[in-house]
There are 2 protein chains.
Amino acid sequence: MDQVAEAAGVSRATVSRVINGAPSVDSKIREMVQRAIAETGYVPNVAARSLVTRRSNSVALVISEPDRPDNHSFLNRIFTDPYFGRITAGATSALRPHDIHLVVIPTDSTDHHQVVRYLRQGHVDGVLLISSHEQDTLPRQVHDLGIPAVVSARPTSPIAVSYVDVDQRLGARLAAEHLLNRGCRALATISGPLDIPSGLDRLDGYRSFLATRGFPTVPSIEGDFTRAGGEAAARQLLTDFPDIDGLFVANDLMAEGALRVFQDLGRRVPDDIAVVGFDDSSAALDCRPLLTTVRQPVEEMAAEMAEVLMAHIATPGRLPRSVTFQPSLVIRDSA
Amino acid sequence: MDQVAEAAGVSRATVSRVINGAPSVDSKIREMVQRAIAETGYVPNVAARSLVTRRSNSVALVISEPDRPDNHSFLNRIFTDPYFGRITAGATSALRPHDIHLVVIPTDSTDHHQVVRYLRQGHVDGVLLISSHEQDTLPRQVHDLGIPAVVSARPTSPIAVSYVDVDQRLGARLAAEHLLNRGCRALATISGPLDIPSGLDRLDGYRSFLATRGFPTVPSIEGDFTRAGGEAAARQLLTDFPDIDGLFVANDLMAEGALRVFQDLGRRVPDDIAVVGFDDSSAALDCRPLLTTVRQPVEEMAAEMAEVLMAHIATPGRLPRSVTFQPSLVIRDSA
DNA sequence: AGCGCCGTTGAGAGCGCTCTCTCCCCGTGG
DNA sequence: CCACGGGGAGAGAGCGCTCTCAACGGCGCT
C-alpha cells in the first residue's frame with residue numbers, strides 16, 4: 001500500500017479512500033491512484049482490513065444434524081442430500097452479489113463446541129444455521145454467543161432469533177385436499193421423524209385437516225426422510241393397511257422409495273394408490289410416475305435467510321423477525 | 001489478551017506461548033494462564049493472528065464449470081450433483097482434524113476474475129480446484145498466482161501443479177472386461193462430454209481395450225453426465241443400434257436414466273442389455289436393478305487432494321506431485 | 001483585504017496478535 | 001567463589017490496514 005501511495009504521490013490514507021470508494025477524493029487523484037494500483041498489482045490484505053473493520057465478509061453455513069455412529073457416512077449423507085444442496089445454492093446466490101463468501105460447516109452434536117469456538121473467533125460475520133432436530137442445543141448456544149444468526153425453521157424453544165420457514169401445516173393440508181379431491185377415501189401418511197418439528201407439523205397438519213373433513217383417524221408410519229426409510233415405511237404400511245388409496249409422504253426422497261415399493265408389489269400409481277410428496281426436490285422428477293408434490297421453495301428460503309442475515313450484520317441491534325413462505329402444490333402424475 | 005496476561009500475572013508473550021503450545025513454558029505458569037483464559041473467556045482474534053502469521057487456516061474449494069445460461073440452475077446443479085457432494089464430504093473430513101475450514105466457491109467462466117481476486121486477497125491458504133473442462137483457463141490462472149493448489153484431474157495443458165485423479169482408462173477397461181465376460185457381444189457406450197478429459201478417457205479406454213479383443217468399432221452416444229441426458233442418449237442408442245446387449249455408461253447418473261428408458265421400452269436388464277455405470281455414487285443404489293458400476297473413490301480422492309494441499313501449504317517450495325487412484329468394479333444386478 | 005468555511009489530504013494512532021531479541025536467574029564446572 | 005551456559009519470561013517492534021483529527025489551501029463573503 002505504501003508502494004501504491006508513493007507511486008501515486010499521495011498518502012496511504014488517500015489510497016485507502018480510493019479503494020473503499022470514499023466520495024471526497026479529487027477525481028484526478030483518484031485516477032492516479034487507480035493507475036498506481038493497476039501498475040503495482042496491489043491487492044489489499046484482507047487480514048489487516050478485518051483486524052480494523054471487524055468484518056470478515058464471510059458467513060458460516062452450519063448444518064447441524066444429530067449423531068451418526070459413522071462420521072464418514074454422516075458427511076456423505078449431508079453433502080449428498082439435495083435439500084442441503086438447494087440450501088447451499090440459494091444462500092450462495094444471495095450472498096455472491098455482496099461479495100460475501102460461505103464457509104460450510106457440518107456438525108453433529110459431538111462437536112458443537114468446535115463450531116462455537118470457530119464462531120467466537122470471529123472468522124465469520126454471521127451464521128446461517130440449519131438445524132431441525134428438536135433437542136439440538138446449537139441454536140441456543142449460537143444465540144447466546146450474540147453473533148448475528150438466522151435459523152432455518154421455527155426454533156422449538158422460544159429464542160429471540162430470526163428464522164425462515166415454510167408453512168408446514170398448510171403444505172400438508174394442500175396434499176390432503178388434493179387426495180380428497182381425487183376421490184381417495186382410505187388415506188394414510190408416511191411422516192418424517194417426529195422429533196423434528198417439520199416432521200411433526202406435516203403429520204399434524206395432515207391429520208387435523210382431514211379430521212375436519214370427516215377422517216378422525218389417519219394411519220401413519222414414521223420415516224426418516226431417506227429413500228431407504230421410505231421403502232421400509234411403505235412396505236410396513238401396505239402390510240398394516242392393505243386397502244389405502246391415498247398417501248401423503250413427508251418428503252420426496254421417501255416418496256421415491258415408496259413408489260418403488262408400490263411398483264415392485266404391483267400397485268398402480270396413481271390408480272390404486274395416489275401419492276403426494278413434499279419438497280419438490282429433484283427427486284420428484286427422478287420418480288416414475290413423476291411425483292405430485294408440495295413445493296417448498298428451498299432456494300428462495302435460503303436466499304431469504306441470507307438477506308435477513310446480512311440485514312442483521314449491517315444493523316446490529318435489529319430485532320429478530322421471521323419470514324414464512326407459502327408452499328404450493330405441484331401436480332404431476334402420481335396423484 | 002492483555003486482560004488474560006494481567007489475570008495470570010504474566011506478559012502477553014507468555015499468553016501467546018501457551019495458546020500456541022510453545023514447549024518452553026513452565027508448567028505452573030502454563031496452568032495459571034490456562035485458568036486465566038478460562039476465567040476471562042478469552043478467544044484469540046483470528047484476523048490479528050492471520051495478519052502476522054499470514055495464514056488463514058482455511059482453503060477454498062473452487063468448483064469451476066462451464067457457462068450456463070441460467071445462473072440459478074447452475075448453482076442448483078452443482079450443489080445437487082452427488083459427485084460434488086462427495087468431494088465436499090471427502091475434503092471436509094480430511095481438513096477437519098487440522099482445524100482448517102472450507103470456503104466453497106462455485107464459478108463459471110464468466111466470473112473467474114472474481115475468484116482470482118478472492119484468492120489473491122489472501123482469504124485462503126490454498127485452493128482445491130475442481131475443474132474438468134478442457135478449455136477451462138482457471139487452472140492456469142490459479143497456477144500463475146503462485147498460491148498452493150491441487151486440481152482434481154490431470155490438467156489438459158502441461159502445468160506444474162499437483163493433481164489427484166483416478167485411472168479413467170483402467171476403469172473403462174474394467175467395465176468392458178466385465179461385459180465381455182458376461183458374454184455380451186454387441187457392445188456400445190454412452191460417453192461423457194467429449195470436451196472433458198474424463199469423458200474422453202473413458203470412451204477411449206473402453207474402445208481401445210475392446211479393439212484389442214476383436215471389436216474394432218464400438219458405437220457411442222455422447223451424453224452430458226445428467227440423468228436426463230442419459231435417458232436421451234439411451235433412446236437414441238436403441239434407435240440407432242437396436243441389437244446391443246452390453247452397455248457401458250460413463251457415469252451413474254446417466255446410467256440411471258438409461259435404465260429407466262430400458263424399463264419403459266421393455267428391455268430386461270441385465271438379460272437383454274447388461275449395463276455398467278461409472279462412479280459408484282449413491283445413484284447406483286437408487287436404480288432398479290441395482291447398478292453394476294466402476295467405483296471411483298471420490299471421497300478418498302478429495303481427502304487426498306486436501307492432504308496434498310496441506311503439504312504444499314506447509315512446505316512452500318514443494319514440488320508438485322500427482323496421485324492416481326485405482327478404480328474397481330462393483331458388481332450388482334445390472335450386469 | 002481579511003475572515004471563516006468547506007472540501008481534500010496527510011499524519012499518526014491504533015486494531016490484536018506473533019516473534020525476535022534481550023534479560024534474568026539458576027545450575028554447573030573450573 | 002566466579003565465570004559461563006541455558007532455560008524461561010518480558011519488552012517491543014512490527015504485520016497492513018482504517019479512520020480520526022488536524023492542517024492546508026482556495027473560495028466567497030463582508
Side-chain angles (χ1 to χ4, degrees), chain A residues 1-37 40-58 99 117-125 147 313-314 316, chain B residues 1-37 40-58 99 117-125 147 313-314 316:
Chain A
M1 190 164 184
D2 276 315
Q3 282 180 35
V4 175
E6 193 174 354
V10 298
S11 70
R12 277 196 344 274
T14 301
V15 176
S16 176
R17 287 191 186 96
V18 171
I19 289 171
N20 296 303
S24 67
V25 178
D26 188 278
S27 62
K28 255 197 313 225
I29 292 198
R30 178 187 308 278
E31 212 170 291
M32 289 182 54
V33 172
Q34 272 158 348
R35 199 172 320 132
I37 290 176
T40 54
Y42 166 77
V43 176
N45 177 313
V46 286
R49 179 179 289 173
S50 296
L51 182 56
V52 30
T53 59
R54 297 166 170 275
R55 281 288 177 73
S56 66
N57 284 320
S58 54
D99 224 41
R117 186 165 52 89
Y118 182 79
L119 298 178
R120 292 191 61 196
Q121 288 190 123
H123 276 108
V124 293
D125 299 332
I147 159 175
I313 291 170
Chain B
M1 189 162 186
D2 277 314
Q3 282 180 35
V4 175
E6 194 174 353
V10 298
S11 69
R12 278 198 340 275
T14 302
V15 176
S16 175
R17 285 190 188 97
V18 171
I19 290 171
N20 296 303
S24 67
V25 179
D26 188 277
S27 62
K28 256 197 314 227
I29 293 198
R30 177 188 308 278
E31 212 170 290
M32 290 182 53
V33 171
Q34 271 159 350
R35 198 171 322 130
I37 290 176
T40 54
Y42 166 77
V43 176
N45 177 311
V46 287
R49 177 179 289 174
S50 294
L51 182 55
V52 31
T53 61
R54 306 180 153 267
R55 280 288 177 74
S56 66
N57 284 319
S58 54
D99 225 43
R117 187 164 51 88
Y118 181 80
L119 298 178
R120 291 191 62 195
Q121 289 189 123
H123 275 107
V124 293
D125 299 332
I147 162 174
I313 292 170

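All of these numbers come straight from a predicted model, not from anything done at the bench. Chain A is the first sequence line, chain B the second, and so forth, proteins listed ahead of strands; every chain is numbered from 1.
For A:V25, whose side chain is taken as the heavy atoms from C-beta onward, the closest listed nucleotide among D:dC17, C:dT9, C:dC17 is C:dT9. The side chain of A:M1 sits closest to D:dT18 out of D:dA11, C:dG12, D:dT18. Closest contact between the side chain of A:T53 and the listed nucleotides D:dT18, D:dG10, C:dT18 involves D:dT18.
Shown here for B:H123 and B:S58, the closest heavy-atom pair between the two residues is O-OG, 3.5 Å. Annotation for A:I147 and A:V124: closest pair CD1-O, 4.2 Å, computed over non-hydrogen atoms. Considering every non-hydrogen atom in both B:R55 and B:S50, the closest pair reads O-OG, 2.9 Å. Nearest heavy atom pair, residue A:Q34 against residue A:V18, reads CG-CG1, 4.0 Å.
With the end axes of the helix from C:dA1-D:dT30 to C:dG30-D:dC1 each set by five pairs, the angle from one to the other reads 50° at 10° resolution.
One atom, CG of B:D26, and another, P of C:dG27, lie 13 Å apart when rounded to the nearest Å. The separation between B:R12 atom CZ and C:dG16 atom C1' is 8 Å, rounded to whole Å. Between the CG atom of B:N45 and the P atom of C:dC15 there is a distance of 11 Å, given to the nearest Å. Distance CZ (B:R49) to C1' (C:dG16): 11 Å, rounded to an integer number of Å. Atom C1' of nucleotide D:dG16 and atom CD1 of A:I19 are separated by 11 Å, given to the nearest angstrom. For the pair B:I37 CD1 and C:dG16 C1', the interatomic distance rounds to 14 Å; values are reported in whole Å. Rounded to a whole Å, the NZ atom of A:K28 is 10 Å from the P atom of C:dT9. Residue B:R55 contributes atom CZ, which lies 11 Å from atom P of C:dC19 at whole-angstrom precision.
Within the 4.5 Å cutoff, side-chain heavy atoms of B:D99 are placed close to those of A:R117.
With rounding to the nearest 0.5 angstrom, the CG atom of A:L51 is 13.0 Å from the CZ atom of B:R49.
A donor-acceptor pair under 3.5 Å is absent between the side-chain atoms of B:N20 and the main chain of B:A22, judged by distance alone. Side-chain atoms of B:S16 never come within 3.5 Å of backbone atoms of B:R12 as a donor-acceptor pair (strictly under, hydrogens ignored).
OP1 or OP2 of C:dG16 has at least one side-chain nitrogen or oxygen of A:R54 nearer than 4.0 Å. Residue B:T14 places at least one side-chain N or O under 4.0 Å from the OP1 or OP2 atom of D:dG10. Note on B:S50: every side-chain N or O is 4.0 Å or more away from OP1 and OP2 of D:dC15. Proximity of B:S16 to the phosphate of C:dT18: a side-chain N or O atom is located under 4.0 Å from OP1 or OP2.
If B:S27 and A:N20 are placed on DNA chain D by their nearest nucleotide, the residue sitting closer to the 5' end is B:S27.
A:V10 comes within 4.0 angstrom of the backbone, heavy atoms only, and of no base.
Judged by distance alone with a 3.5 Å cut-off, no donor-acceptor contact links the side chain of A:R17 to the base of D:dT18.
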